[in-house]
Amino acid sequence: MVLIPGGVFTMGTQEPQIQQDGEGPARRVHLGSFYMDQYEVSNLDFESFVNSTGYTTEAEKFGDSFVFEGMLSEAVKADIHQAVAAAPWWLPVKGASWRHPEGPDSSISSRMDHPVLHVSWNDAVAFCTWAGKRLPTEAEWEYSCRGGLENRLFPWGNKLQPKGQHYANVWQGEFPTNNTAEDGYKGTAPQGPSSGTDRVKKGGSYMCHKSYCYRYRCAARSQNTPDSSASNLGFRCAATAPGPR
């Protein structure tokens, strides 16, 4: 974890790109110091938690989880006969879980340093409690993301690829039919409000593309139910820093 010094920053944006997500308005927010995980929780981290506690994730209890169709084998796809109407590239896969991100014929054995997937908000809270940490607030996440820069799209500035370099693992090509994996990774890479029923999601993923899901900006946000899991959703932890806030 790294210490994030407290301060004041502009949260949100006056130029929302996805209106229904509530990205605006821009407002000044004060935060005390806190700690934030430098990286997402990895498969190895989560395995330690499961081995120590015997925890069963909600995807494992439900028996399935959502996986992007482009990551599935033909054998797995042959057994699926339904999809999400508004996003047909999301398929419910029996046996998909953190141990088997692309279904029962997949494994994380060579991806122990990749972010853990198919964990719900409830699963993430359970891990954080075991680790003596907590999930970051939306303000803490965005403050950390902005890195002291005001009104920038991304943590490093306004250009997605400064000097042609890839700074984030997002979709290259045409979504959802052609992922060129120009940044080197087709999938994952190594490494809120007090009321309401859904939980805020912050940050992008390997499936993000400006034409469809421009949510890898600092101000971007979306939501999901606390028991939802998917093959592009991970998390990181935070902790309160000692001293005055």
Side-chain angles (χ1 to χ4, degrees), residues 1-42 45-46 49 115-116 119-160 162 167-170 189 191-205 208 213-226 228 232-245:
M1 305 190 86
V2 294
L3 176 65
I4 311 295
V8 184
F9 79 110
T10 302
M11 182 173 176
T13 177
Q14 289 299 99
E15 300 177 349
Q17 302 294 311
I18 306 176
Q19 296 287 343
Q20 69 269 24
D21 282 351
E23 297 176 358
R27 63 273 190 198
R28 298 295 280 172
V29 173
H30 296 250
L31 284 173
S33 299
F34 59 96
Y35 290 96
M36 180 76 86
D37 280 355
Q38 187 173 2
Y39 303 104
E40 298 95 332
V41 172
S42 69
D45 297 329
F46 203 78
F49 160 60
V116 66
V119 285
S120 68
W121 181 88
N122 292 320
D123 298 332
V125 168
F127 175 92
C128 290
T129 301
W130 170 79
K133 303 177 183 181
R134 60 173 172 79
L135 289 176
T137 66
E138 182 178 359
E140 287 173 340
W141 192 99
E142 188 166 329
Y143 180 59
S144 303
C145 175
R146 291 186 179 280
L149 299 179
E150 281 288 317
N151 301 313
R152 297 292 190 269
L153 289 177
F154 313 114
W156 53 87
N158 286 327
K159 292 185 177 180
L160 179 60
Y167 281 66
N169 178 18
V170 297
Q191 307 236 33
S194 60
S195 61
T197 57
D198 284 7
R199 298 294 177 177
V200 172
K201 292 194 300 182
K202 296 284 283 186
S205 80
C208 281
C213 179
Y214 193 27
R215 292 191 176 98
Y216 44 93
R217 294 165 294 113
C218 293
R221 63 200 300 270
S222 57
Q223 88 294 329
N224 220 333
T225 58
S228 294
N232 70 334
L233 177 62
F235 72 103
R236 70 182 73 207
C237 304
T240 302
R245 291 182 61 79

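Just so you know, these numbers use all the heavy atoms, side chains as well, and skip hydrogens, waters and symmetry mates. Everything numeric in this text was worked out from a predicted model, so none of it was measured.
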To the nearest 0.5 Å, tell me how far [X] [atom1] sits from [Y] [atom2].
X      : Y      : atom1 : atom2 : answer
Met1   : Phe34  : CE    : CZ    : 9.5 Å
Arg199 : Trp121 : CZ    : CH2   : 3.5 Å
Ser33  : Glu140 : OG    : CD    : 10.5 Å
Tyr214 : Leu153 : OH    : CG    : 4.5 Å
Asp37  : Cys128 : CG    : SG    : 7.5 Å
Asp45  : Trp130 : CG    : CH2   : 7.5 Å

For [X], enumerate each residue passing the side-chain hydrogen bond (donor to acceptor under 3.5 Å, both in side chains) test, keeping only those at least two apart in sequence or located in another chain.
X      : result
Asn224 : Ser228
Lys202 : Glu142
Ser144 : none

Arg146 side chain to Arg152 main-chain N or O, any donor-acceptor pair under 3.5 Å?
yes
Give a yes or no on whether the backbone of Gln17 and the side-chain of Glu23 come within a donor-acceptor separation of less than 3.5 Å.
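Checked: pair present.
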Are any non-hydrogen side-chain atoms of [X] and [Y] less than 4.5 angstrom apart?
X      : Y      : result
Leu160 : Tyr167 : no
Asp123 : Phe235 : no
Leu135 : Val125 : yes

Contact list for residues 6-16, test salt bridge (charged side-chain N to carboxylate O under 4.0 Å, His left out), sequence neighbours left out
none
Sequence neighbours excluded, every pair satisfying salt bridge (charged side-chain N to carboxylate O under 4.0 Å, His left out) that has a member inside residues 27-36:
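For residues 27-36: Arg28-Glu150.
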Give me the atom names and distance for the closest heavy-atom approach of [X] to [Y].
X      : Y      : value
Cys218 : Cys145 : SG-SG, 2.5 Å
Lys201 : Gln223 : CE-O, 3.8 Å
Asn169 : Ala189 : ND2-N, 3.5 Å
Leu31  : Ala139 : CD1-O, 3.6 Å
Met36  : Arg236 : SD-CD, 3.8 Å
Pro155 : Leu149 : O-CD1, 3.5 Å

Can you label the angle between the Phe127 ring and the Phe49 ring as parallel, tilted or perpendicular, going by 30° and 60°?
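The arrangement is perpendicular - the two ring planes meet at more than 60°.
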Dump the intermediate steps for side chain to side chain donor-acceptor pair (under 3.5 Å) on Thr240 and Arg134, then the final yes or no.
CA-CA 8 Å; Thr240 302; Arg134 60 173 172 79; 3.3 Å; yes
Taking salt bridge (Lys or Arg N to Asp or Glu O under 4.0 Å) as the definition, give me every residue that meets it alongside Asp21, ordered by chain and number, with sequence neighbours left out.
Arg215
